[in-house]
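Hydrogens, waters and symmetry mates play no part in the numbers below; they use all other heavy atoms, side chains included.
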Amino acid sequence: MKKYNPITNEAKWRKIWQESGLYKTPSTPTNKSYNLVMFPYPSGNLHIGHWYNFGPADTLARYSKMHGKDVLQPIGFDAFGLPAENAAIARGLMADEWTDHNTSIMTEQLKKIGTMYDWDRMINTSKPEYYKWTQWIFLKLLHAGKAYQKDGLVNWCPSDKTVLANEQVINGKCDRCGTEVERKNLKQWYFKITDYIEPLLADLDSLDWPDRIKDMQRNWIGKSEGAKIAFAINGSNSSLAVYTTRPDTIFGATFMVVAPEHPLVSELTSEDNRAAIQAYIKQAGSKTDIDRMESAEKTGVFTGSYAVNPATKVNVPIWVSDYVLMGYGTGAIMAVPAHDERDFEFARKFGLEIIQVIDGPSVQDKSHNLTGKLVNSGDFTGLESNKAKSEIIAWLEANALGSRQIQYRLRDWLISRQRYWGTPIPIIHCDNCGIVPVPEKDLPVLLPLKQKFGKDGRSPLLDDPDFINVECPDCGSKARRETDTMDTFVDSSWYFLRYPNPEYQDGPFDPVAVKQWLPVDQYIGGAEHAVLHLLYARFITKFLHSTGHLDFNEPFTKLINQGMILGPDGNKMSKSKGNIIDPDDYVDRYGADAVRVYLMFMGPYDEGGPWDPKRFEGSHRFINKVWELCTTSYSELQHDSPSEAELQSKLHKLIKKVTVDTQVSKFNTAISSLMEFVNYAAKVQAKGDVSKEQWHIAITSLVKLLAPFVPYLAEELWELLGNTSSVHTQAWPEYDPELVKDDIMTIIIQINGKLRGQFVVNTEDAFYKDELERAAREQMADLLKTTEVVRVIVVPGKLVNFVTR
RNA sequence: GGGCGAGUGGUGGAAUUGGUAUACACGACGGACUUAAAAUCCGUUUCCUUUAAGGAUUGAGGGUUCGAGUCCCUCCUUGCCCACCA
């Protein structure tokens with residue numbers, strides 16, 4: 001038989017599959033499986049991470065299809081976004097042309113993977129027929145009071161010249177370009193994600209998602225329970241409210257700290273301290289978040305005012321410091337230096353009093369934040385922290401000094417961007433009418449194409465009179481269009497609803513098709529979206545559910561996270577490190593099947609790991625071995641019944657193993673068992689000691705089991721075996737539980753837990769304890785002669801263990 | 001500082017969830033085929049002592065158990081996420 005040529009073979013089947021429409025999505029699914037991958041950004045090149053996401057995802061989709069599922073496996077492009085704009089600025093191109101060029105290149109690359117994508121369902125978020133409906137969703141949010149404009153301190157990336165959502169700031173830096181983020185006061189558009197905060201938290205429990213991702217979302221939402229407490233300000237009618245999770249430590253609150261931006265700062269500041277306070281506020285305001293974090297030492301200034309600790313009635317000084325954040329709680333704290341590290345540090349630096357109120361190690365040199373018995377706490381002394389918390393809150397409530405309070409870290413989603421290449425926000429600003437939404441019938445608000453950029457990257461929309469100048473839809477007078485566009489995460493927060501019918505004209509999604517296909521059964525993508533896309537998509541789904549547009553409230557029933565493929569040196573692939581692996585180099589030489597096998601075999605799917613060019617050889621060899629095995633004709637040389645029984649048994653064990661492992665995405669062990677079987681079958685083939693019929697059954701089953709992993713190779717082999725229909729439409733082989741069972745079992749013999757021997761019994765005899773012990777004693781007679789057996793443990797079907805003195 | 005995870009041969013990794021540790025693959029070494037090389041095939045390959053037979057071994061130390069890679073405690077190393085969040 002001739003050598004396998006993956007390149008010509010893959011091209012052959014790619015063509016046949018496309019022409020025959022093999023992967024058309026069934027129009028009326030009865031047994032649906034919606035298999036989705038996170039759609040790519042059209043950067044211009046499909047990288048190894050894409051392959052690692054899409055290849056194994058396709059294996060699962062094919063596996064589902066062979067199990068009789070009606071599979072929807074679509075693909076599209078998340079096509080708006082900054083890189084297009086930056087490329088356009090750098091190279092003097094148009095953002096839309098650059099994007100279209102990239103999507104066509106990447107579509108060709110995607111086709112090579114050998115996935116079952118239904119290309120008629122392609123989605124591109126930068127096309128008017130798509131973003132019309134992104135705008136529609138914005139209007140729905142607006143009308144429901146869930147989209148609003150707010151003036152406030154926002155994250156500003158000076159390099160990308162736009163604001164960013166909290167989720168897009170990583171360690172004080174822009175997650176796109178790594179520039180330090182500045183804080184600016186700007187009026188911006190927000191989505192009220194916080195209105196869904198409790199369902200977003202509670203519904204995580206019901207999802208079949210990795211715990212890691214659920215924990216990340218929980219942490220990001222950041223629910224904490226505590227109390228809001230008012231401290232009366234000495235010599236004023238105002239009071240200063242604080243939030244604390246440790247009301248049980250209130251007797252140890254020896255001073256207070258307010259954020260520099262706190263509205264009461266000016267009122268609290270005495271004349272003597274005003275100059276110092278103002279200088280401090282100015283200095284704090286000019287710091288970036290990074291400066292704040294990196295300043296190891298606490299800084300702060302005394303305001304000159306005092307408040308009364310409601311528990312101790314003692315006057316406590318009020319300080320200003322930037323270690324208290326205006327954005328969380330009330331922007332003011334009661335400082336308990338004995339039991340909070342930061343307060344302790346501050347008290348030490350400025351010589352403030354430290355009073356221990358929770359029993360435990362001394363707080364002379366180091367604070368401790370343990371819970372325990374209260375000390376120095378008036379009537380509450382002696383109570384345990386937990387009890388004290390509720391009793392102190394009850395006392396505060398009874399005296400109108402405070403109340404139980406739940407606090408979250410999640411903020412509303414800032415969605416406006418001062419950029420060109422995005423979905424225009426459908427709003428008109430009118431001097432008479434104020435903010436006027438674009439009427440639904442006027443959607444889409446078209447983004448002008450073929451725009452030239454200025455040198456500074458300023459959005460061309462700002463200088464486009466045709467775009468800006470518009471009549472007010474309400475009063476008809478001259479008005480101005482909103483020039484901000486939406487965060488691209490808005491585009492991707494609903495795309496999965498459109499795949500079931502991407503041609504639909506009467507709304508963002510076809511309610512009938514959505515009912516048929518949604519929610520997504522299996523969603524596969526990287527963990528980097530844990531608190532971005534995945535949270536936003538859940539929010540939008542819950543919003544559309546609450547308005548009656550959807551009858552489910554979680555979009556992704558099951559989530560699988562693939563790990564990250566690293567460079568051969570074990571580092572993240574990056575241009576600067578020069579360790580980027582281009583999948584095309586391997587695909588063009590060894591074929592897509594080999595790349596798929598390598599990626600699935602290299603280790604657990606959720607862990608990823610370094611790409612090792614040497615190790616890649618193994619998957620290439622495996623494919624050739626399979627080819628040799630299946631294309632070499634078989635002749636029965638000598639018939640041997642035990643050999644035939646063994647072949648059957650091994651085949652059925654293989655079917656079981658591949659079935660179970662693939663079901664739970666353990667591709668690496670599924671493939672290793674396929675390799676084992678192929679090695680074994682080659683030996684059987686050489687000996688020729690099984691019947692032709694059994695051999696044929698084995699090879700036929702093997703090719704079916706291989707089909708989801710190496711779709712091109714399996715299809716060719718299937719044809720060579722004389723079949724006329726596609727292997728990808730075959731039913732998955734079933735295993736016979738009787739054949740999976742072994743006739744004989746190996747029982748091990750231990751002495752004091754150490755392996756000393758073994759013997760073989762018929763399976764039906766492996767459960768008679770006395771027999772097993774007798775057989776073991778017989779074999780161990782010599783060793784047991786000299787010692788006293790004090791106990792014998794017999795585990796049926798497993799082992800006999802003699803415990804000796 | 002907080003949350004979650006991981007540590008098994010020269011390397012990537014298996015291990016029926018408490019019952020024969022090191023499957024499968026890579027690499028290496030030896031051999032066959034070849035004028036030669038590639039490819040392919042066969043053998044060896046955790047370590048120590050080595051003729052045999054043993055003994056040791058899952059980051060370190062302790063514990064529970066007849067029996068621990070697996071469970072518990074302490075420590076070390078490391079990855080990811082969050083972070084002056086009160």
Side-chain angles (χ1 to χ4, degrees), chain A residues 3 170-172 210-220 222-224 226 242-246 249 253 256-257 259 289 292-296 298 321-325 327-336 339-343 345-346 369 407-410 527-528 530-531 563-564 597-598 601-604 606-622 624-625 628 657 660 666 668-679 682 686 746-758 789-795 797-804:
Chain A
K3 228 183 139 211
I170 310 294
N171 289 329
D211 288 337
R212 189 167 51 115
I213 302 295
K214 294 207 252 186
D215 283 343
M216 276 194 229
Q217 289 213 355
R218 287 192 190 104
N219 284 339
W220 188 259
K223 182 176 183 171
S224 76
V242 300
Y243 172 73
T244 178
T245 53
R246 292 296 301 271
T249 62
M256 301 186 79
V257 186
D289 284 355
R292 270 194 172 198
M293 280 186 260
E294 279 174 355
S295 59
K298 294 272 177 290
S321 172
D322 64 3
Y323 84 88
V324 172
L325 310 174
Y328 185 77
T330 61
I333 61 162
M334 64 174 209
V336 183
H339 304 293
D340 181 281
E341 202 184 328
R342 296 149 303 178
D343 298 347
E345 207 186 312
F346 195 84
N369 62 355
Q407 195 69 41
Y408 301 92
R409 201 183 307 190
L410 181 69
E528 66 274 17
V531 292
M564 193 188 291
V597 166
Y598 174 71
F601 181 62
M602 62 183 281
D606 53 1
E607 283 175 27
W611 175 281
D612 185 340
K614 271 189 195 158
R615 226 182 294 280
F616 184 89
E617 276 300 318
S619 52
H620 174 232
R621 271 179 215 154
F622 173 62
N624 286 333
K625 272 187 197 174
E628 280 296 320
K657 175 89 176 142
V660 171
K666 288 173 80 173
N668 54 334
T669 50
I671 290 176
S672 77
S673 59
L674 285 162
M675 286 173 167
E676 264 176 283
F677 186 83
V678 168
N679 290 340
T746 303
I747 304 297
I748 61 165
I749 307 171
Q750 296 179 331
I751 293 177
N752 294 326
K754 283 206 193 313
L755 180 70
R756 282 300 128 108
Q758 60 183 49
V789 176
V790 288
R791 207 175 146 191
V792 182
I793 284 118
V794 181
V795 182
K798 285 254 156 68
L799 60 82
V800 179
N801 185 16
F802 296 102
V803 185
T804 65

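For A/Tyr598 (side chain) and A/Pro613 (main-chain N/O), no donor-acceptor pair under 3.5 Å exists by modelled atom type. A/Asn752 contributes a side-chain N or O that, together with a main-chain N or O of A/Thr804, makes up a donor-acceptor pair within less than 3.5 Å.
Going from the P atom of B/U22 to that of B/U40 covers 27 Å, rounded to whole Å.
Contact between the side-chain N/O atoms of A/Arg621 and the OP1/OP2 oxygens of B/A38 is not found at any separation under 4.0 Å. The shortest distance between the side-chain N/O atoms of A/Tyr328 and the OP1/OP2 oxygens of B/A86 is below 4.0 Å. Contact between the side-chain N/O atoms of A/Arg212 and the OP1/OP2 oxygens of B/C4 is not found at any separation under 4.0 Å. Residue A/Asn369 places no side-chain N or O under 4.0 Å from the OP1 or OP2 atom of B/A86.
Here A/Phe346 pairs with A/Phe255, A/Trp319, A/Tyr323, A/Phe350 under the ring pair (Phe, Tyr, Trp, His ring centres under 6.0 Å) rule; sequence neighbours left out.
Checking B/A86, B/G55, B/C4 against every side-chain atom of A/Arg756, the shortest atom distance belongs to B/G55. Checking B/C66, B/G27, B/G55 against the side-chain heavy atoms of A/Lys614 singles out B/G27 as nearest. Taking every side-chain heavy atom of A/Ile170 into account, B/C82 is the closest of B/C82, B/G1, B/C84. Checking B/A25, B/A56, B/A23 against the side-chain heavy atoms of A/Glu676 singles out B/A23 as nearest. In this structure, of B/C82, B/A86, B/G55, it is B/A86 that holds the atom nearest to the side chain of A/Tyr243. In the set B/C81, B/A86, B/A83, B/A83 carries the atom at the smallest distance from any side-chain atom of A/Trp220.
Pairing analysis of RNA chain B (Watson-Crick: purine N1 to pyrimidine N3 plus N6-O4 or O6-N4; G-U wobble: N1-O2 and O6-N3; both under 3.5 Å) yields stems of 3 or more pairs at B:1-7 with B:76-82, B:10-12 with B:24-26, B:27-32 with B:40-45, B:46-48 with B:54-56, B:59-63 with B:71-75.
Atom CD of A/Glu528 is surrounded by more than 12 heavy atoms from other residues, nucleotides or ligands within 6.0 Å.
For B/G27, the O4'-C1' to base torsion is more than 90° from 0; the nucleotide is therefore anti.
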Please write out the pairs of protein N or O atoms and N or O atoms of nucleotides 10-19 of chain B separated by less than 3.5 Å, giving the distance to one decimal.
from  : atom 1 : to       : atom 2 : distance (Å)
B/U11 : O2'    : A/Arg615 : NH2    : 2.8
B/U11 : O2     : A/Arg615 : NH1    : 2.7
B/G12 : O4'    : A/Arg615 : NH2    : 3.2
B/G12 : O2'    : A/Met602 : O      : 2.6
B/A14 : OP1    : A/Asn668 : ND2    : 2.9
B/A15 : OP1    : A/Lys666 : NZ     : 3.2
B/G19 : N2     : A/Gln750 : OE1    : 3.1

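Checked for salt-bridge contact, A/Arg218 and A/Asp215 meet the test: a charged N lies under 4.0 Å from a carboxylate O.
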